[in-house]
Amino acid sequence: MQRGWFARRSPAERVAMDEMNDAWVKCNGCQQILFARDFERNLKVCPRCGHHHRLSARERIDLLADADTFVERDAEVVSADPLGFPEYADKLSRGRANSGLPEAIVSGVCNLSGIPIVLAVADFAFMGGSMGSAVGEKVARAMEYALEQRLPVVICSTSGGARMQEGLLSLMQMAKTCAAAARLHEAGVPYISVLTDPTMAGVLASYASVGDVVIAEPGALVGFAGQRVAQQAQVVKPPPNFQTAEFQLEHGMVDIVVPRKELKHTLHRILRFFTGG
Amino acid sequence: MRTVLDFEKPIAELDANIEALKRLTAEQGIDKSEQIAALEQDRERLLREIFRNLTPWDRTLLARHPQRPYTLDYIRAIFDDFIELHGDRQFGDDGAIVGGMAWLNDKPVMVIGQQKGRDLKERQRRNFGMAKPEGYRKALRLMYLAEKFGRPVVTFIDTPAADPGVESESRGISEAIARNLREMMLLRVPIVSVVIGEGGSGGALGIAVADRVLMQEYAIYSVIPPEGCAAILWRDAKRAPEAAEALRLTAHDAQRLGVVDEVVEEPLGGAHRDPLAAAQRVKEALLRHLAPLQKLSVSKLRESRYERYRNLGVWRVAVE
């Protein structure tokens, strides 16, 4: 019905409609139509229901890093196709096109409210933020650099887990990133892990869970097994908030759930606890 | 009930014929030794031929073979004594991970492994070898105990995956695995892991961070089960054999990728055809790898463990 109505519009009218559509967005949480400018200004959090929509890595870096302080590192480390896995090369090109990034995580140094830190941020648009060798390498290098410079580390994860297309090599990135985290742990270099929607499986079961402090964004999907697998395996019925940030908070797996507009300030307060005199 | 895989059927037929002839000899005193010898030769030739041409999917089925020796079978066959220790001191005792004190040629070692069940009842009790958080926490507790008294750690890997259920999620399955990955990296005593069956993803790795990783010839080690991979790739779990190929999950693949240090040969036809011989080979490999590790200083040991994992992975350097 609506389609027919739309089809009757002239091309010029249709362009006008598209522009109008750009001015509006639909909330994934409450399905309400929102004014795009308000939505952007509110950091992609729905002003009506509070649903936190995903941010790109660049958007999150803008949110957390002081203006013009972010200097990217290890941008040249990108995925190869070590197993010659079916369709992987195509998926990598699509990931690059979708995200505008060379790899699923961006890392570097910056100031956060004046405190120098190492910051790494994953991007879901690049193959679901999955961890292959390149992501593992970039996380390990970020942590090693932080250890060398004795800078606190903040990593914002968003990931479906280990990247299937690199097989065992992806699995081993869990051990590799935890190895680097182990050195930070021993040296007393602070590491704050921020779980954003979604943080799952091989990433949650490795570096994302061993932060000195673990923060999650409201409503983020945070869990081990895919929902389908978890429910199939189940004798116990999952609660309605199963595998959300709030569920993990309730079960003692997350320190704080922090709304996006308070994230930078909260990180600053935590960093001051660790590094302040 | 014995399970016979499709590609094992011709062998099983010969097994049955040989068995029948032997019974005839025993019961009626008819000498059939010539025929038996001929059939045994046939069987050996057939075994060699079949096992030379195994596909990755055949190997997956062998790794999951219901008659394959499990962790406790290896512990009994390899070690002189074993005192099983239970519980994580926080929540409970997980039957999917066993562990305790054992003696390897009179040398005390801490042994830990995932344990599957033989019959329906035991399978349920062991949750099909899928460990819960308390299993990983028990394993870590035993590793700390080994560290405290300077004993090396040996782990046996045989699990389809960590338990994916609501209970495990509620008690922090991800945290339990992640903590083990970090703490095993820092452990001050040698660790040797042996993949004896299914190396199922993070659930396997949760007790498999080691100075040396050994893998039996027909074991598998994978980031995802082939069925799950096929379901994601082609929306068709029945294409698992193709996925098994793509995932490079065989022992020799794992060795080529640098994940595994040594492939431990199995008796002809697989470990289940001669469990004691299989265990003997694992024992020899363990002794061979543990000895040099025990001579290393703690800092050397941990440094080389770090480098071992730090160097895993293949990426490329993009040119602008």
Side-chain angles (χ1 to χ4, degrees), chain A residues 75-80 82-83 85-87 102 132-134 136-137 140 162-164 166-176 178-183 185-186 201-202 204-210 223-226 229-230 232-239 242-243 247-248 251-253, chain B residues 130 161-186 199 201-206 208-209 221-224 228-229 232-234 242 246-249 253-254 257-259 305-306 308-320:
Chain A
E76 73 282 3
V77 176
V78 298
S79 292
L83 308 188
F85 199 90
E87 299 163 37
S133 301
E137 180 67 17
R163 192 177 292 169
M164 184 176 83
E166 290 182 31
L168 262 188
L169 293 175
S170 293
L171 186 68
M172 292 303 133
Q173 304 312 306
M174 293 173 66
K176 178 158 115 185
C178 282
R183 290 205 159 171
H185 177 63
E186 263 203 328
L204 187 66
S206 67
Y207 69 86
S209 278
V210 293
F224 181 67
V229 181
Q232 272 169 6
Q234 247 357 269
V235 213
V236 184
K237 204 172 163 257
F242 186 56
Q243 290 186 334
F247 173 90
Q248 299 295 357
H251 289 89
M253 298 304 142
Chain B
M130 298 189 291
D163 179 69
V166 173
E167 272 184 279
S168 288
E169 193 72 75
S170 304
R171 294 195 289 275
I173 186 69
S174 302
E175 192 275 346
I177 291 172
R179 179 179 297 271
N180 281 17
L181 300 185
R182 185 183 75 184
E183 293 302 301
M184 290 182 87
M185 203 58 71
L186 296 172
S201 193
L205 189 62
V209 174
Y221 202 175
S222 183
V223 69
I224 184 170
C229 176
I232 293 171
L233 263 189
W234 304 299
E242 281 169 78
L247 284 165
R248 310 289 161 109
L249 45 61
D253 288 326
L257 295 170
V259 174
R305 191 183 302 148
Y306 185 83
R308 187 185 187 283
Y309 286 92
R310 185 64 188 81
N311 292 328
L312 285 175
V314 176
W315 67 94
R316 62 186 183 85
V317 174
V319 273
E320 290 295 311

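Proteins come first, then strands; the chains are lettered A, B, ... in the order of their sequence lines, and each starts at number 1.
- To the nearest 0.5 Å, atoms CG (A:Leu171) and CG (B:Leu312) are separated by 10.0 Å.
- The heavy-atom pair separating A:Ala175 from B:Tyr309 by the smallest distance is CB-CD2, 3.5 Å.
- By the salt bridge (Lys or Arg N to Asp or Glu O under 4.0 Å) test, B:Arg248 pairs with no residue at all, sequence neighbours left out.
- Side chain of B:Arg316 to backbone of A:Ser79: a donor-acceptor contact under 3.5 angstrom is found.
- Using a 4.5 Å heavy-atom cutoff, the side chains of A:Pro82 and B:Trp315 are not in contact.
- Here the shortest heavy-atom pairing between A:Phe247 and B:Glu169 reads CE2-CG, 3.7 Å.
- Taking both residues in full, the closest heavy atoms of A:Glu87 and B:Leu233 are given as OE1-CD2, 4.3 Å, listed atom of the first, atom of the second, then distance.
- No other option in A:Glu186, A:Arg163, A:His185 has as many heavy-atom pairs under 4.5 Å with chain B as A:His185.
- Here the straight-line distance linking atom CD of A:Gln248 with atom OG of B:Ser174 works out to 7.0 Å at 0.5 Å rounding.
- Scanning both residues, A:Ala182 and B:Met185, for their nearest heavy atoms gives CB-CB, 4.2 Å.
- Residues B:Leu257 and A:Leu83 have side chains in contact (heavy-atom distance under 4.5 Å, counting atoms from C-beta outward).
- Considering every non-hydrogen atom in both B:Ala178 and A:Ser206, the closest pair reads CB-O, 3.3 Å.
- Of the two parts of A:Phe224, the backbone and the side chain both hold a non-hydrogen atom closer than 4.5 Å to a non-hydrogen atom of chain B.
- Side-chain contact check for A:Phe85 versus B:Leu247: some heavy-atom pair is nearer than 4.5 Å.
- A:Ala180 touches chain B through backbone and side chain together, each having a heavy atom under 4.5 Å away.
- Partners of B:Glu183 under the salt bridge (Lys or Arg N to Asp or Glu O under 4.0 Å) rule, at least two apart in sequence or in another chain, do not exist in this structure.
- Of the listed residues (B:Val209, B:Ile224, B:Asn180, B:Leu205), the greatest number of heavy-atom pairs within a distance under 4.5 Å of chain A belongs to B:Leu205.
- The distance from the CG atom of B:Leu181 to the CE atom of A:Met174 is 5.5 Å, given to the nearest 0.5 Å.
- A:Gly167 and B:Val223 make their closest contact through O-CB, 3.4 Å (heavy atoms, listed as atom of the first residue, atom of the second, distance).
- Note: A:Cys178 SG to B:Arg182 CZ = 8.5 Å, rounded to the nearest 0.5 Å.
- For B:Arg179, the CZ atom is loosely surrounded, since the number of other residues' heavy atoms within 6.0 Å does not exceed 12.
- To the nearest 0.5 angstrom, A:Phe242 atom CZ is 6.5 Å from B:Ser170 atom OG.
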